[in-house]
Amino acid sequence: MDEKFKKPYDPAGTEARIYAAWETSGYFNPDNLPGDRTEPFSVVLPPPNVTGVLHLGHAYEDSLQDAVVRFERMRGKKTLWIPGTDSAAIATQSRVEKNLQKEEGKSRHDIGRDELVRRVREFAKASESTILSQVRRMGASLDWSRYAYTLDERRERAVATAFKRMYDAGLIYRGSRIVNWDPKGQTTISDDEIVYEERQDTLYYLKYGPFTIATARPETKFGDKWVVVHPDDERYAAFKDGQQIELEWIEGPITATVIKDAVIDREFGTGAMTITPAHDATDFEIAERHGLPKEQVIDEYGKLLPIAGEFAGMKIADARPKIVEKLRAKGLVAKEEPYTHNVATAERTGAIIEPQVKLQWFVDVNHPFTLEHSEIAGVASGAEITLKQLMRAAVEHGAVAMPQEGFRSAYFHWIDNLRDWCISRQIWFGHRIPVWYRGEEIAVGEAPSGEHWEQDPDVLDTWFSSALWTFSTLGWPEETADLETYHPTSFMSPAYEILPLWVARMILMAGFHLGQAPFKTVMIHGLVRDSKGRKFSKSLGNGIDPLEMIDKYGADALRMGLLVGSAIGHDIRFDEQKVKGYKHFANKLWNIARFVLENTNKESWSDKQRLQSEDFPYKNEMDRVAREVSEHLEGYRTYMAAEQLYHYVWHEFADKIIEESKGILNGPDETAKTDRRWLLAYLLSTCLKLLHPFMPFVTEEIYQSLPTKDSDYLMVAPWPVVE
RNA sequence: GCGCUCUUAGCUCAGUUGGUUAGAGCGUUCGCUUCACACGCGAAAGGUCGCAGGUUCGAAUCCUGCAGAGCGCACCA
């Protein structure tokens with residue numbers, strides 16, 4: 001027996017060495033796997049932010065996916081797990097900008113676009129190694145030879161190609177539309193990047209000629225020349241659609257027009273409102289329907305424009321009380337009441353969103369196109385379809401299996417409410433929009449030859465490139481062997497937070513560009529929270545560094561602590577005591593190995609002896625566990641599999657079988673001894689294999705000390721096959 | 001307003017398609033330096049599975065209603 005077993009298991013002294021050995025073996029790359037493997041199994045890692053550090057959410061995600069990947073690899077599949085990082089454009093740029101301001105007192109405009117982009121790239125490159133080495137410490141069996149970055153050259157090509165093809169199909173268009181403008185970040189953001197916050201404000205009832213209108217935003221009202229009521233509202237039956245009224249308004253007398261539109265909620269306020277098409281989505285739609293102009297009142301910095309008369313140049317917050325004062329003085333305020341409502345804020349910057357009309361690029365989700373080639377169940381090749389319908393069909397007919405009912409409904413609910421996706425962002429770091437202008441001319445896809453072409457200054461929403469991830473990582477748009485073999489990918493396990501942001505858009509992109517699902521099964525997981533159920537956040541100071549947990553208890557223990565007893569899809573409360581418990585379990589396994597190795601000989605491991613009859617129940621029981629664990633893993637019930645193994649190893653194998661073996665091994669019956677030794681060897685080797693997906697390090701370390709092995713590494717040892 | 005999830009032992013949670021005395025970890029109590037392991041061993045206490053109905057031979061599990069907790073989406077003039 002190896003001397004190392006005389007001391008307790010030491011994860012810190014083991015894990016780095018084992019991981020390095022795995023990397024050297026080349027087995028993370030499916031091209032090097034032993035045996036004749038035909039059936040592929042592929043997963044892409046949800047790419048962490050390139051400048052980020054590993055948090056417990058990643059740790060959980062890595063544990064979950066690695067368990068599945070290792071299981072499939074041992075089962076003999078051609079298994080590929082692709083690592084990558086995401087540029088997280090807005091987050092990364094704003095971090096560099098913050099540093100620039102702090103260290104040099106400069107803004108991005110001081111150093112210019114090229115210099116800023118250069119610095120952001122540099123910063124991203126410098127921090128890349130941190131997150132990658134941290135993912136390694138979790139034991140993740142990723143094929144590093146296929147590492148991808150959302151902003152590298154190949155992905156750049158994929159993005160430009162995707163953009164062009166969608167543009168040519170009429171699915172990407174440029175238009176003046178009302179968008180979510182973040183005055184602090186100075187960029188548009190998508191609907192999914194908005195967080196609603198409850199605020200206490202005042203609802204002002206203003207006299208508007210014969211009407212009284214309610215508003216929370218008097219500062220937008222300067223240009224309001226239309227008053228809208230519901231067509232069936234009897235209170236306003238006397239007014240006709242299109243009727244003109246002279247009235248006194250903020251800056252003097254104006255001519256207002258009555259409009260009737262069914263979008264009005266008769267119950268709200270007085271049932272009459274004036275509209276500000278340039279700064280409100282609903283108002284914009286009304287204006288579109290009735291062909292009204294949309295005059296800008298507030299600029300990109302949240303300041304009032306000249307239309308606001310003496311208030312021009314003021315910030316909204318400063319202007320509002322002064323405007324109300326003036327309205328009061330003119331006797332135009334009928335009533336004021338406290339008002340609780342939700343205010344849209346930007347997820348990143350926290351700024352209040354100012355809807356603005358802007359010329360932006362959009363993905364049209366309702367434009368019909370012909371899907372020439374389709375492998376998606378329920379969608380025929382050559383079908384006329386919209387992106388929205390395609391996204392729905394892929395899940396509805398099972399091309400993407402979404403076994404969790406609740407998330408399926410959430411997905412459909414999201415699809416049904418989906419509007420066109422604004423994909424342009426007014427920042428500098430990211431995939432620049434592949435469009436060039438020269439006067440009225442436009443070139444899409446590649447830079448055109450000839451002079452005086454100007455590239456669009458905006459960059460693409462980071463989720464545009466992320467949405468291509470399952471196939472851009474496999475070499476698309478080239479028709480690579482990888483793409484042929486590994487797409488659609490087998491499995492995806494993202495957090496529910498990014499179901500719409502990412503999952504749905506991957507389905508959109510893979511559907512349009514390949515006529516395939518991006519993945520066959522998606523298992524959505526929950527969030528890791530602190531012991532009180534709160535989200536981890538900097539402001540709460542409740543962060544837990546997974547690396548610290550690994551240092552203290554080992555990666556195996558952390559993995560088990562995150563996986564056991566946490567049903568996929570539900571939030572997890574992180575419990576350090578639980579992790580500690582699994583450190584003990586790793587040590588228990590270590591001591592089981594010590595006992596078995598001390599009490600067996602080489603023959604016990606190589607000879608396939610016939611078992612004594614009373615030993616058969618033990619073998620059968622082990623085989624039953626192996627079968628159930630396999631079934632659980634096949635159904636992605638990792639939490640069940642891990643728990644069952646824990647229970648079996650500790651309370652059956654150790655507590656009962658080993659205890660009983662002591663008597664037999666010290667007894668007189670030589671045949672019984674031989675059979676028992678064989679049993680112990682059989683049980684240990686089977687348990688190591690079954691536990692390997694969950695606790696790869698300790699199991700591999702023990703496996704390396706076995707007298708005979710089925711393969712050079714446990715990582716590629718054949719999974720116990722049981723009828 | 002629409003929708004989703006949860007409510008099981010002191011705490012944190014499992015319990016896949018309904019089937020024998022409802023499980024785990026931690027914690028608690030008692031006893032053990034027993035020759036694999038004190039990162040351990042042995043034993044014990046602890047639950048009318050949120051409440052009320054229903055379906056069924058049988059319900060923690062399915063259906064309906066109610067209560068509480070959390071979350072998402074929409075509206076928000």
Side-chain angles (χ1 to χ4, degrees), chain A residues 1 5-10 191-192 194 196 198-199 201 203-206 213-218 220-221 224 227-228 263-265 268-276 279-283 286 339-344 403-414 416-418 496-497 499-500 526-527 529 531-533 553-554 557 560-561 564-567 569-599 628 631-632 635-637 639-640 642-644 646-647 650-651 654-655 658-659 661-662 666:
Chain A
M1 187 197 68
F5 288 106
K6 297 205 168 150
K7 288 183 198 157
Y9 174 62
D10 169 31
D191 293 345
D192 302 289
I194 286 180
Y196 287 93
E198 202 172 273
R199 296 277 171 106
D201 278 318
L203 190 64
Y204 302 95
Y205 287 79
L206 306 179
I213 57 142
T215 182
R217 304 206 53 192
T220 64
K221 296 288 152 201
D224 289 12
V227 58
V228 190
V263 79
I264 291 292
D265 176 1
F268 189 92
T270 59
M273 72 170 188
T274 60
I275 58 166
T276 313
H279 300 290
D280 182 279
T282 309
D283 295 5
I286 295 172
Y339 180 49
T340 307
H341 64 149
N342 290 327
V343 174
Q404 299 147 296
E405 274 305 323
F407 292 120
R408 252 174 89 90
S409 327
Y411 176 83
F412 290 134
H413 191 241
W414 181 81
D416 293 341
N417 285 306
L418 187 63
Y496 58 71
E497 283 184 311
L499 179 66
L527 307 179
R529 296 170 177 274
S531 59
K532 294 182 181 128
Y553 308 111
M560 286 292 276
V564 176
S566 2
H570 295 153
D571 289 354
I572 298 168
R573 293 195 189 200
F574 182 76
D575 180 3
E576 184 170 342
Q577 287 312 307
K578 203 168 157 189
V579 179
K580 190 177 170 190
Y582 290 107
K583 178 184 193 288
H584 296 176
F585 178 57
N587 195 54
K588 186 74 184 178
L589 189 66
W590 189 250
N591 281 293
I592 289 170
R594 176 179 170 180
F595 178 87
V596 172
L597 290 169
E598 272 176 343
N599 287 286
E628 286 177 16
E631 281 167 9
H632 285 317
Y636 301 107
R637 291 182 299 274
Y639 54 104
M640 294 281 283
E643 186 170 355
Q644 193 176 357
Y646 174 88
H647 196 254
W650 202 309
H651 301 299
D655 289 352
I658 287 187
E659 286 309 320
S661 301
K662 289 173 183 173
N666 291 324

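The figures that follow rest on heavy atoms only: side chains count, while hydrogens, waters and symmetry mates do not. In what follows, chains carry the letters A, B, and so on, assigned in the order in which the sequence lines appear, proteins first and then strands, with residues in each chain numbered from 1.
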Quiz prompt | Sequence neighbours excluded - salt bridge (Lys or Arg N to Asp or Glu O under 4.0 Å) pairs with any residue from residues 572-589 of chain A | solution =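 Residue pairs passing salt bridge (Lys or Arg N to Asp or Glu O under 4.0 Å), neighbours aside: A:Lys552-A:Glu576.
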Within the structure shown, what part of the strands sits under 4.0 Å from [X] by heavy-atom distance: base, sugar-phosphate, or nothing?
X: A:Gly406; value: sugar-phosphate
X: A:Lys580; value: nothing
X: A:Ile275; value: nothing
X: A:Ile264; value: base
X: A:His279; value: nothing
X: A:Thr282; value: sugar-phosphate

Give each protein N/O atom lying under 3.5 Å from an N/O atom of nucleotides 12-22 of chain B, with the pair distance.
| from | atom 1 | to | atom 2 | distance (Å) |
| --- | --- | --- | --- | --- |
| B:rC13 | OP1 | A:Arg573 | NE | 3.0 |
| B:rC13 | O2' | A:Gly565 | O | 2.2 |
| B:rA14 | OP1 | A:His570 | ND1 | 3.3 |
| B:rG15 | OP1 | A:Tyr639 | OH | 3.0 |
| B:rU16 | O2 | A:Arg637 | NH1 | 3.2 |
| B:rU16 | O2 | A:Arg637 | NH2 | 3.0 |

Using a cutoff of under 3.5 Å, can you pull out all pairs of nitrogen or oxygen atoms linking the protein to nucleotides 61-67 of chain B, with atom names and distances?
none

Could you list all N or O pairs between the protein and nucleotides 71-73 of chain B that sit under 3.5 Å apart?
| from | atom 1 | to | atom 2 | distance (Å) |
| --- | --- | --- | --- | --- |
| B:rC73 | O2' | A:Asn417 | ND2 | 3.3 |

For nucleotides 38-41 of chain B, print each protein N/O atom paired with a nucleotide N/O atom at under 3.5 Å, atom names and distance only.
| from | atom 1 | to | atom 2 | distance (Å) |
| --- | --- | --- | --- | --- |
| B:rC39 | O4' | A:His584 | NE2 | 2.9 |
| B:rC39 | O2' | A:Asn587 | ND2 | 3.2 |
| B:rC39 | N3 | A:Lys583 | NZ | 3.2 |
| B:rG40 | OP1 | A:His584 | ND1 | 3.3 |
| B:rG40 | O3' | A:Lys588 | NZ | 3.2 |
| B:rC41 | OP1 | A:Lys588 | NZ | 2.6 |
| B:rC41 | OP1 | A:Trp650 | NE1 | 2.8 |

Self-check item: Same-atom distance (C1') from B:rA9 to B:rA14, integer angstrom
Solution: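 The answer is 13 Å between these two C1' atoms.
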Quiz item: Listed by chain and number, what are the ring-ring contact (aromatic ring centres under 6.0 Å, His included) partners of A:Tyr411, not counting sequence neighbours?
Solution: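 Per chain and number, A:Tyr411 pairs via ring-ring contact (aromatic ring centres under 6.0 Å, His included) with no residue.
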